[in-house]
Amino acid sequence: MGYRFIEHTADIAVEVEGESLNDLFISSCYAWREAAMDISSFQKESSKKFIFNSTNLEVLLIELLSELNFQLYSKGWVFVTIQNLFLEETDSGYHLEIELFGQKHNSEIHKFKEEIKAVTFHQMKIEKVNNTYKTLIVFDI
Amino acid sequence: MRISGIEIEKVNDNLWEIPKFGGMLVPGRIYTSEKMLEGTLQNDEALKQVVNVAHLPGIQKYSLAMPDIHWGYGFPIGGVAATDINNGVISPGGVGYDINCGVRLARTSLNFESIKNRIQKLVENLFNDIPTGVGASGAIKKLNAAEIKKILRDGAEWAVSNGFGSKHDIELTEENGKLKDADPEAVSPRAIERGMDQAGTLGSGNHFLEIDFVEEIFDENAAEIFGLFKGQIVIQIHTGSRGLGYQVCDDYLKVLVQAEKKYGFKLPDKQLACAPIKSTEGQNYLHAMRAAANFAWNNRQVIMHLARNSFKRTLSISDAELEFELIYDVCHNIAKIEEHEIDGEVKKVCVHRKGATRAFPPGSKFIPEKYRSVGQPVLIPGDMGRYSYIAVGTEKAMRETFGSSCHGAGRVQSRHQALKEAKGRNLVEELTKKGIVIQAKGYKTIAEEMPHAYKDVSEVVEVMHHAGISTKVAKLKPAGVIKG
C-alpha cells in the first residue's frame with residue numbers, strides 16, 4: 001500500500017493504492033507532497049479543514065490535491081500531516097471532509113522540488129482490483 | 001509498420017498516417033522522420049494520444065502532430081486539432097494548463113563579439129531583475145483583483161500603458177497581445193488570486209530567458225525583414241500565464257468532465273473533457289481561456305521590458321544605442337477561432353494548438369504588415385546547450401496543418417532519467433566550456449533541463465522545412481541562460 005513514482009517523459013506520474021478509498025486518498029496526498037517538496041523537518045503549526053462534494057470520485061480526488069496545490073503556491077501553507085479524513089458515498093455522489101496539519105512555507109526547510117502546475121485527469125481511474133483501490137495520477141509540471 | 005502498438009503508414013519522408021480505426025472520426029497524421037518515429041516515439045504514449053484526439057466530436061480532416069510530439073495529458077504535446085464551430089467541441093486539454101505559454105524574440109544592435117566578455121554580468125543582472133523559479137513573485141508590485149482584471153481584458157496593452165514597453169511592441173505580438181472576447185468575470189477569484197503577484201515572473205521548469213546570437217542565416221530576405229544579421233545578439237523569452245492560467249484550466253476541466261455525461265460524449269481519456277463550442281460551458285471556458293492568454297502576453301511584455309532595462313544598465317548604453325526591439329511573440333498553447341479551407345469550402349473552426357505554433361503564410365492579414373511579404377515568424381526554441389531556430393509560415397501550412405508548425409525540441413528523457421544521467425557531471429562547467437553562461441535557482445533544474453533530455457531541435461525543424469510547413473530563416477546559438 002502507498003505510492004510509487006513511475007517514468008513519464010514530461011511530467012510526474014505516480015501509482016497509488018490503498019486498502020480502502022480513505023487509504024488511497026491519504027496516500028495520494030503524501031505522494032503529492034513528495035512530488036512538490038523536499039521537507040527536512042515538520043512542525044504542526046496550524047490546521048485547516050476542507051469539505052468537497054462531487055458526483056465523481058476522480059473529480060473528488062483532484063479537488064483535494066488541487067487544494068493542496070493552491071494552499072502551497074498561493075497561500076504559502078505547506079501540508080504536513082493528515083489529522084482526519086472522512087469519505088462517504090451519498091445519494092448524490094461522494095462527500096469528503098479532511099483536516100490537515102501544516103505550517104507556513106519556510107524556504108530553509110521546505111525546498112520546492114517541482115512546480116506542480118496542476119493535477120491532471122490523464123489516465124486517472126480509481127478502480128478496485130482484488131480488494132485494493134488503485135489509481136494513476138499525473139502531475140503537470 | 002507498427003509503432004507503440006499502433007499501425008502507421010508512410011505518406012512521404014516527413015509525414016505518416018494512422019488510418020481510422022475504432023471510434024476515430026478522422027485519421028491521425030504525424031509530421032516526423034523515420035528516425036524519430038522508430039526512436040523516440042517507439043515506447044511513448046504520444047501516438048495513442050493522437051488516436052484519442054481523433055475521437056473529439058466535430059474534428060476536421062486529421063488529428064495532427066508536429067515532429068516535437070511527446071507524451072502529454074489528453075492531447076500529445078505537439079498536437080493540433082481543428083473542430084467545427086457549429087457541431088464541434090472545445091477541449092481545455094487541447095490547450096493545456098499553461099494557457100498561452102509562448103515565446104518572444106527581441107533583437108538588439110549588439111554584436112556578440114563586442115560584448116562576449118559582458119555576458120556573465122548580463123546573466124547575473126537578468127537573474128536578479130527577473131523573478132524566476134517556483135513561487136517567483138515581485139517583478140512589479142502585487143496587484144489587486146481589479147488591476148488583474150484589467151490585464152485579463154487588455155493583455156500586453158496593460159504593460160505598455162503602465163510603462164513596460166512601447167506601442168511598437170504590441171504591433172509585433174500575435175493578436176496584438178490581446179484576444180478579444182476575453183471575459184475577466186469568467187475567471188475564478190482563486191485564479192485571480194494566483195495571478196496577483198506573478199505578473200512579470202518567469203516561473204520554473206522549461207521556462208527560460210536566453211541571450212542568443214545569430215549563428216547562421218538561411219533566408220537572407222526574411223532575415224533582413226526581421227532585422228537580423230549574423231553575430232547579432234537576440235533575446236528569447238519562454239513563459240506563459242503562470243498560476244492564473246493553470247487555475248483557469250483546472251477550474252474548467254472539472255466542469256467539463258461533468259459535462260461529458262450531459263452531452264453524451266464517450267471519450268477515451270477524461271483529460272479530453274470537452275463541451276460543444278456554442279454551449280454555455282464551452283463559451284465560458286473560451287472567455288476565461290482568452291483572459292488567461294492575455295495575462296500571458298502581459299507577462300512576456302513585462303519581462304521583456306525588465307530585460308531591456310537590465311541590458312541598458314549593465315552595458316551603460318541608451319535605448320537609441322541598444323535598439324532592443326521585439327521581433328515577434330507567438331503563443332503555442334491556445335485555442336482560436338479561425339477560418340480554414342476544408343474540402344473546398346471556407347469554414348470557421350476552433351484550432352487547438354497544444355505545443356504547436358501558428359505559422360501563417362505571406363500575405364496573411366493576421367500577421368504584422370511589415371512581415372506580410374515573407375510570412376509569420378515561427379519561433380522554435382531548442383535546448384539550452386545547442387541552438388534555436390527562426391522560421392516562417394507557408395501557404396502549405398494553411399492547406400495541411402491549419403497554419404501550424406512545431407514549437408520546440410520536445411523532451412526525450414523523463415526528468416528522473418535526466419537527473420540520473422547528470423549524476424557526477426558538472427553541467428554548469430560543461431556549458432561554460434561551450435561558451436554558455438547559466439544561472440538558475442537550483443542545480444536540479446539545470447540537470448532536468450540538460451541538453452540531451454531533449455530531441456535535437458534541428459531534426460524537428462528540418463522535418464517541417466522539408467515538408468514545406470515552416471521554412472528556416474536563421475539559427476541561434478545560446479550565450480547566456482537564466483532559468484527557474
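Model, not experiment: these values are computed from the prediction. So you know, we letter chains A, B, ... as the sequences are listed, proteins then strands, and number each from 1.
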If you tally heavy-atom pairs under 4.5 Å against chain A, which of B:Arg415, B:Gln247, B:Glu193 wins? B:Arg415
Once rounded to the nearest 0.5 Å, what's the spacing between atom OG1 of A:Thr120 and atom CG of B:Leu253? 9.0 Å
Mind checking whether B:Lys441 and A:Phe112 have side chains closer than 4.5 Å, heavy atoms only? no
Regarding B:Gln258 and A:Thr55, is there a side-chain donor-to-acceptor distance under 3.5 Å anywhere? yes
Give a yes or no on this: more than 12 heavy atoms of other residues, nucleotides or ligands lie within 6.0 Å of atom NZ of B:Lys48. no
Heavy-atom closest pair (B:Tyr97 atom, A:Val119 atom, distance to 0.1 Å) is OH-O, 3.4 Å
Check against side-chain contact (heavy atoms from CB on, under 4.5 Å), B:Lys270 and A:Asn56: CA-CA 12 Å; B:Lys270 271 203 171 59; A:Asn56 182 302; 3.7 Å; yes
Minimal non-hydrogen separation, B:Gly74 against A:His122, with atom names: N-ND1, 3.4 Å
Distance-only polar pair, side chains of B:Gln271 and A:Gln123, donor-acceptor under 3.5 Å: no
Identify the two heavy atoms, one from B:Trp71 and one from A:Glu7, that lie closest to each other, and give their separation to 0.1 Å. CZ3-O, 3.9 Å
Would you check if B:Arg242 and A:Tyr73 make a side-chain contact, meaning some heavy-atom pair closer than 4.5 Å? no
B:His452 atom NE2: more than 12 heavy-atom contacts under 6.0 Å: no
Is it the backbone or the side chain of A:Glu63 that comes under 4.5 Å from a heavy atom of chain B, or both, or neither? both
Verify the distance criterion only: is there a donor paired with an acceptor across the side chains of B:Tyr73 and A:Asp140 at less than 3.5 Å? yes
Quick one: do B:Arg190 and A:Glu67 make a salt bridge, cutoff under 4.0 Å? yes
Between A:Lys113 and chain B, which part of the residue has a heavy atom less than 4.5 Å away: side chain, backbone, both or neither? both
Which region of B:Gln49, side chain (C-beta onward) or backbone (N, CA, C, O), has a non-hydrogen atom less than 4.5 Å from a non-hydrogen atom of chain A, or is it both or neither? side chain
If every non-hydrogen atom of B:Gly72 is compared with every non-hydrogen atom of A:His8, which pair is closest and at what distance? O-NE2, 4.0 Å
Highest number of heavy-atom pairs under 4.5 Å with chain A: which of B:Asp98, B:Leu272, B:Asn206? B:Asp98
State the CD1-OG distance between B:Ile192 and A:Ser74, to the nearest 0.5 angstrom. 12.0 Å
Indicate the atoms forming the closest heavy-atom contact of B:Arg194 with A:Lys117, along with that distance. NH2-O, 3.9 Å
